[in-house]
Amino acid sequence: MRVLGIETSCDETGVAIYASAGGLLAHRLHSQARLHAAYGGVVPELASRDHVRRVVPLVELVLADSGLGRADLDGIAYTAGPGLAGALLVGAAFARSLAFALGIPAVGVHHLEGHLLAPMLEDESPPLPFVALLVSGGHTMLVRVTRPGSYEILGETLDDAAGEAFDKTATLLGLPYPGGPALAALAEEGAAGRFDFPRPMLDRPGLEFSFSGLKTHVMQVVQRLQPDAATRADVARGFEEAMVETLVAKCARALDATGESALVIAGGVGANRRLRAAAARMVEARGARVYYPRPALCTDNGAMIAYAGWLRLCGGERAELAFPVRPRWPLTELSAVDA
Ligand code: KG4
Ligand code: ZN
């Protein structure tokens, strides 16, 4: 079965083809980051319009990359939620219509299921069951994955997502949007230990996260010090260390609580080098292992949607002709897949 995957939940148009024979045949992405940079965040209507412009050319490109024609497709998967309603509707309407025109099935995929299963696209994929830390611009959660579709949420953020905290702190430090990678680069130049920011919620048990207090703390320091360039780098370093230590400590707790020895880190913040290094040290000390999707599949992409959709289509799932999207969609409402 060859499945075309379409991701349009936020500010990236991702398109890919995943096949039973050959795996991931092609994937392409268009990021709208530059489009939204002037506004300091994603403007939903601009996002929807840009998805309209990009999706057809990207489909043509992945078909050409994989040497396939439209008639070679056996199914189409699209992100049905969660995400921006207008952006989701572009992908859903396009995917459902194309599937109808080609006379093939379609399936709506949960965006977070895509992120959770993305490491399965790698040669060294994690054994099931595993614990996943999903850290993106919109979500921060620890999930126990027993099999595709069977997700137990161990802990979530009570306020900001980790990527959002990176982005907001980057804005405070005068860095361009999206700030996560820029803040990480600035932190490389900073001195460790000059700013010892709070490690949120490490002083009590549990697997919940909270980042708004840390962000406020950094804001107060920046307002008080009016830092020069060198001090800003030190602040970035202090912030990154507090974030990383907190995230990794919660991963350690989740491994201990579940008894699992495989940890997956997925989502955009998973690209952070300091997080990767700290996670490697933590799992090594436990005789466990950490798995990542390659960087291009950590952030939003069509490949993860093609893969999750392929699993569900192989399991017999079919979307109806209507294409409802779910801007809010609890992960725990999904049904397990018989793959
Ligand atoms: O998964 P993703 O592409 O989109 C969402 O579904 O949200 O994640 C994007 C987030 C942004 O907040 C971005 O700043 C953050 O991931 N990010 C990073 C790094 N690279 C991306 N945060 C910290 N360090 C990085 N190297
Ligand atoms: Zn995402």
Side-chain angles (χ1 to χ4, degrees), residues 5-14 16 27 29-34 36-37 40-42 44 47 78-84 87-88 91 109-119 132-141 143 156-157 160-173 175-188 190 209 211 214-215 218 236-237 239-248 264-279 292-305 307-308 327 329 331:
I6 312 254
E7 153 64 30
T8 63
S9 67
C10 190
D11 61 344
E12 257 120 19
T13 320
H27 68 106
L29 187 82
H30 175 78
S31 168
Q32 304 175 355
R34 289 226 316 273
H36 301 290
V42 178
Y78 59 90
T79 305
L84 301 170
L88 289 167
V109 169
H110 195 294
H111 180 79
L112 300 185
E113 172 164 84
H115 276 303
L116 289 172
L117 300 182
L133 172 71
L134 182 55
V135 267
S136 69
H139 301 273
T140 295
M141 54 172 74
V143 185
E156 295 188 77
T157 180
D160 291 350
E164 193 181 356
F166 266 98
D167 293 343
K168 287 179 177 170
T169 306
T171 304
L172 272 176
L173 293 172
L175 298 169
Y177 170 87
L183 188 143
L186 183 62
E188 288 298 307
F209 301 90
F211 299 115
L214 171 60
K215 181 192 66 194
V218 175
R237 180 71 180 259
F239 169 81
E240 189 180 45
E241 281 181 347
M243 288 294 293
V244 165
E245 199 179 308
T246 307
L247 292 170
V248 172
V264 162
I265 300 186
V269 182
N272 185 277
R273 281 185 39 212
R274 210 171 292 281
L275 174 63
R276 288 184 174 224
Y292 299 94
R294 74 196 82 160
L297 303 188
C298 260
T299 50
D300 289 351
N301 64 85
M304 66 187 194
I305 303 303
Y307 176 71
W329 187 3
L331 186 62

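Remember, it's 1-based here, ligands and their atoms both numbered in the order they're listed. Count residues from 1 along the sequence. Scope of the values below: all heavy atoms of this structure, side chains included, with no hydrogens, waters or symmetry mates.
One finds the CG atom of Asp300 at 8.0 Å from the OG1 atom of Thr79 (value rounded to the nearest 0.5 Å). In this structure, Arg294 CZ and Thr299 OG1 are separated by 11.5 Å, a value rounded to the nearest 0.5 Å. In this structure, CZ in Arg274 is found 5.5 Å from CD in Glu241, a value given to the nearest 0.5 Å. Atom CG in Leu133 sits 7.5 Å away from atom OG1 in Thr140 (nearest 0.5 Å). With rounding to the nearest 0.5 angstrom, the CG atom of Leu247 is 8.0 Å from the CD1 atom of Ile265.
Atom OD1 is the N/O/S atom of Asp300 found closest to the Zn ion (ligand 2).
In terms of polar-atom proximity, defined here as any N/O pair under 3.5 Å, Gly268 does make such a contact with ligand 1. In terms of polar-atom proximity, defined here as any N/O pair under 3.5 Å, Pro181 makes no such contact with ligand 1. Annotation: Asp300 places an N or O atom under 3.5 Å from an N or O atom of ligand 1; distance criterion only. The N/O atoms of Gly137, backbone and side chain alike, include one that comes under 3.5 Å of an N/O atom in ligand 1. Checked against a 3.5 angstrom limit, the closest N/O atoms of Ala184 and ligand 1 fall outside it.
Partners of Glu113 according to the side chain to side chain donor-acceptor pair (under 3.5 Å) rule, which considers only residues two or more places apart in sequence or in another chain, are Tyr151, Arg312.
Atoms of ligand 1 lying under 4.0 Å from at least one heavy atom of Gly138, given by number and element, are 7 (O).
Vertex the Zn ion (ligand 2); arms to His115 atom NE2 and His111 atom NE2; angle 100° (nearest 10°).
Ranked by closest heavy atom to atom 12 (O) of ligand 1, the top entry among Leu112, Asp167, Leu134 is Asp167.
Residue-environment remark: CZ (Arg273) stays at or below the threshold of 12 foreign heavy atoms within 6.0 Å.
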